[in-house]
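Presented below is the structure to which this report refers.
Keep in mind it's a predicted model, so treat the numbers as computed, not measured. One-based numbering, in listed order, for ligands and for the atoms of each. FYI, side chains are in, hydrogens and waters are out, and symmetry mates aren't considered; it's all heavy atoms of this structure.
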Amino acid sequence: MGEQNDQLKAALANAAAITRDRLENLLSDRPRDGEVIRPRRLLDAMRHGVFNGGKRLRPFFVLETADAYGAEAEAALDIAAALECIHCYSLIHDDLPAMDDDDLRRGQPTVHRAFDEATAILAGDALLTLAFDAIAGSSSSLSDRSRMVLVRELARAAGIGGMAGGQMLDILAETGKPDEAAIIRLQAMKTGALLRFACRAGPILGGASALEIERMEAFGEAVGLAYQIADDILDITATTTVMGKRTGKDGEAGKATLVALNGIDWARRQLDDIVDQAATLVEPLGASGLRLAAAAKYVATRSA
Ligand code: IPE
Ligand code: IPE
Ligand code: MG
Ligand code: MG
Ligand code: MG
């Protein structure tokens with residue numbers, strides 16, 4: 001187990017490092033073909049929202065599943081960077097005063113605090129569109145058809161039926177009384193959709209069968225559910241310093257979470273079950289499967 005953890009740590013660090021290079025490239029101050037200038041203040045705000053120490057878990061899942069299915073690493077990196085742009089945009093907007101109104105993210109001032117609200121909104125907008133630029137403009141050997149499929153999948157994961165839709169349901173749930181099924185659905189959208197995409201991207205890139213893509217989607221769904229349950233537990237049990245973001249805020253806002261509904265002990269048992277299911281799904285994938293299973297466990301049991 002110790003060895004598996006070391007392997008996972010190394011794989012996470014490697015994913016973060018290589019994704020960083022790709023993100024640096026996307027967020028350079030050099031205008032691309034068709035662009036006039038890249039306004040300094042907006043670029044600085046985007047960079048603040050991206051290069052502030054995220055765990056880069058979504059890129060890890062893209063790269064690891066791509067590796068498992070023999071996909072081209074260059075293409076996977078562009079997808080990983082695109083997805084992280086969307087994730088960072090979602091956090092910048094999630095922290096805005098009109099949404100969760102948070103001052104701290106990844107241990108640093110949120111983008112609207114470090115800059116201002118209008119700049120933070122624009123930084124999110126520009127990161128969202130940059131993601132699609134990264135896929136459409138990838139210099140890998142991705143076929144036109146694969147680009148189109150991935151653009152559509154990412155759009156659906158991020159949009160009204162995915163992350164953005166889930167954020168809407170999350171806000172509505174503060175004043176409503178959602179039951180367990182409704183909470184699971186909203187979390188599968190707000191957090192699950194991007195993680196589901198991360199795990200589908202690898203087998204899609206590698207030309208895997210529909211059945212295999214579905215199996216990895218189920219794995220991504222399990223990871224997404226575990227991710228949000230763990231986030232909700234940590235909101236109650238962890239300190240702001242350790243998390244690098246304000247904690248104790250879900251209870252204050254009357255957020256509908258499975259932990260609020262069923263309690264922390266239930267949630268921890270649930271996490272154990274989800275980790276087991278996730279491990280079974282990736283068992284056929286050999287060494288990659290072991291790393292993916294270890295990552296699912298890490299997501300469920302992380303302390304920050
Ligand atoms: C935080 O995501 C927001 C949720 C979806 C719960 P992460 O915990 O992956 O955040 P970073 O990217 O590591 O900061
Ligand atoms: C945010 O969920 C999910 C997205 C940004 C899509 P939370 O509001 O629980 O995330 P934190 O706790 O602020 O990271
Ligand atoms: Mg939120
Ligand atoms: Mg939040
Ligand atoms: Mg949270």
Minimum heavy-atom distance Ala278-Phe219, with the two atoms named: O-CD1, 3.4 Å
Under-4.0 Å salt bridge between Glu153 and Arg196: no
Beyond-backbone contact of Pro284 with Arg215, side-chain heavy atoms, under 4.5 angstrom: yes
Candidates Arg41, Arg47, Arg40 - the one meeting side chain to side chain donor-acceptor pair (under 3.5 Å) with Asp44: Arg40
Proximity to ligand 2 by part of Asp100, non-hydrogen separation under 4.0 Å: side chain
N or O contact, Asp95 vs ligand 2, cut-off under 3.5 Å: no
Qualifying residue for side chain to side chain donor-acceptor pair (under 3.5 Å) with Gln187, from Asp232, Asp231, Asp170: Asp232
Asp231, N/O/S atom nearest the Mg ion (ligand 5): OD2
Presence of salt bridge, Arg105 and Asp94, under 4.0 angstrom: yes
Short N-O contact, Arg246 and Asp101, less than 4.0 angstrom: no
Option nearest atom 7 (P) of ligand 2 (shortest heavy-atom distance, choices Lys190, Arg106, Gln187): Lys190
Contacts of the Mg ion (ligand 3) with protein N/O/S atoms, counting only those under 2.8 Å: Asp94 OD1, Asp100 OD2
Ion pair Arg58/Glu84, N-O distance below 4.0 Å: no
Distance-only side-chain donor-acceptor flag, Ser138 / Ser140, under 3.5 Å: yes
Tyr89-Leu150 co-clustered via ILVMFWY side chain contacts under 4.5 Å: yes
N/O separation below 3.5 Å, Lys245 to ligand 2: yes
Heteroatom proximity flag, Thr191 to ligand 2, N/O under 3.5 Å: no
Protein contact to atom 10 (O) of ligand 2 [nearest heavy atom, distance to 0.1 Å]: Asp94 OD2, 3.8 Å
Arg105 touching ligand 2 at heavy-atom level, < 4.0 angstrom: yes
Ligand 2 N/O within reach of Asp231 N/O, cut-off under 3.5 Å: yes
